[in-house]
Amino acid sequence: QEHLAESGGGSVQAGGSLRLSCAGSDYGYGSDCVGWFRQAPGKAREGVATFYTSGGAPYYSDSVKGRFTISQDNSKNTVYLQMNNLKPEDTATYYCGAAVVEGYVCRPTHVGDFGYWGPGTQVTVSS
């Protein structure tokens, strides 16, 4: 299973928007559960949004609920994270991951259940 590949990061001012992309391989993402996570310098990786690519409601962390949206384009084997009303505290390296642990829980709170990390994409929000 190849690692996932993130792209779309950049620098924006507070209140701005960005859309991140996560490309899977020709065989998919390696799991039905895919999510976005982020890690700021000196902090642990935290979950942002997760969902089942087969369908169902997504899950969001409280810090991004109402501002971020996870979605997918099956024709492109790509998962997106639309980020609106960005805040300086959203500054981090963003990663997408697929649930790899047997018996995984597809929630942003279960970071340890995810893997196949890509190199990440940097998001910087200035005030």
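As the structure is a prediction and not an experimental result, all values here were calculated from the model. Note: hydrogens, waters and symmetry copies are ignored here, and every other heavy atom, side chains too, is used. Counting begins at 1 with the first residue of the sequence.
- Here the side chains of V48 and P108 are not in contact, with every heavy-atom distance at 4.5 Å or above.
- Nearest heavy atoms, V125 versus T91: N-OG1, 2.9 Å.
- Within the 3.5 Å criterion, the main-chain N or O of S25 finds a donor-acceptor partner in the side chain of N77.
- Between Y52 and Y104, the ring planes lie tilted relative to each other; the angle falls in the 30° to 60° range.
- Annotation: the span from F114 atom CZ to C33 atom SG amounts to 3.5 Å, rounded to 0.5 Å.
- The line from OG of S61 to CH2 of W36 is 14.0 Å long, rounded to the nearest 0.5 Å.
- Put simply, the side chain of F51 does not reach to within 4.5 Å of the side chain of S71, judged on heavy atoms.
- Residues L20 and M83 have side chains in contact (heavy-atom distance under 4.5 Å, counting atoms from C-beta outward).
- Here the closest heavy-atom approach between residue S17 and residue N85 is recorded as OG-N, 4.3 Å.
- Using modelled atom types, one side-chain atom of D113 and one backbone atom of V105 make a donor-acceptor pair closer than 3.5 Å.
- For S31 (side chain) and A98 (main-chain N/O), no donor-acceptor pair under 3.5 Å exists by modelled atom type.
- In this structure, SG in C22 is found 11.0 Å from CD in Q72, a value given to the nearest 0.5 Å.
- Not one N or O on the side chain of T78 forms a donor-acceptor pair closer than 3.5 Å with the backbone of D73.
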Could you go through D62 and K65, starting from their C-alpha distance and side-chain angles, then the distance that decides it, and tell me whether this counts as salt bridge (charged side-chain N to carboxylate O under 4.0 Å, His left out)? CA-CA 5 Å; D62 288 343; K65 200 173 295 183; 3.2 Å; yes

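- Residues Y59 and I70 are not in side-chain contact: their nearest non-hydrogen atoms beyond the backbone lie 4.5 Å or more apart.
- Atoms OG and CD, on S127 and E89 in that order, are 10.0 Å from each other to the nearest 0.5 Å.
- We find the CZ-OH distance between F68 and Y60 to be 10.5 Å, quoted to the nearest 0.5 Å.
- When all heavy atoms of A92 and Q122 are compared, the pair lying nearest together is O-NE2, 3.5 Å.
- No side-chain heavy atom of R38 sits less than 4.5 Å from a side-chain heavy atom of L81.
- Y94 and W117 fall into different hydrophobic clusters, where Ile, Leu, Val, Met, Phe, Trp and Tyr residues are linked whenever their side-chain heavy atoms come under 4.5 Å apart, directly or through other members.
- Side chain of E6 to backbone of G118: a donor-acceptor contact under 3.5 angstrom is found.
- The hydrophobic cluster containing V123 does not contain F37, counting ILVMFWY residues as joined when their side-chain heavy atoms lie under 4.5 angstrom apart, directly or transitively.
- Side-chain atoms of L4 and Y95, non-hydrogen and from C-beta on, never get closer than 4.5 Å to each other.
- When all heavy atoms of V111 and R45 are compared, the closest pair comes out as CG2-O, 3.8 Å.
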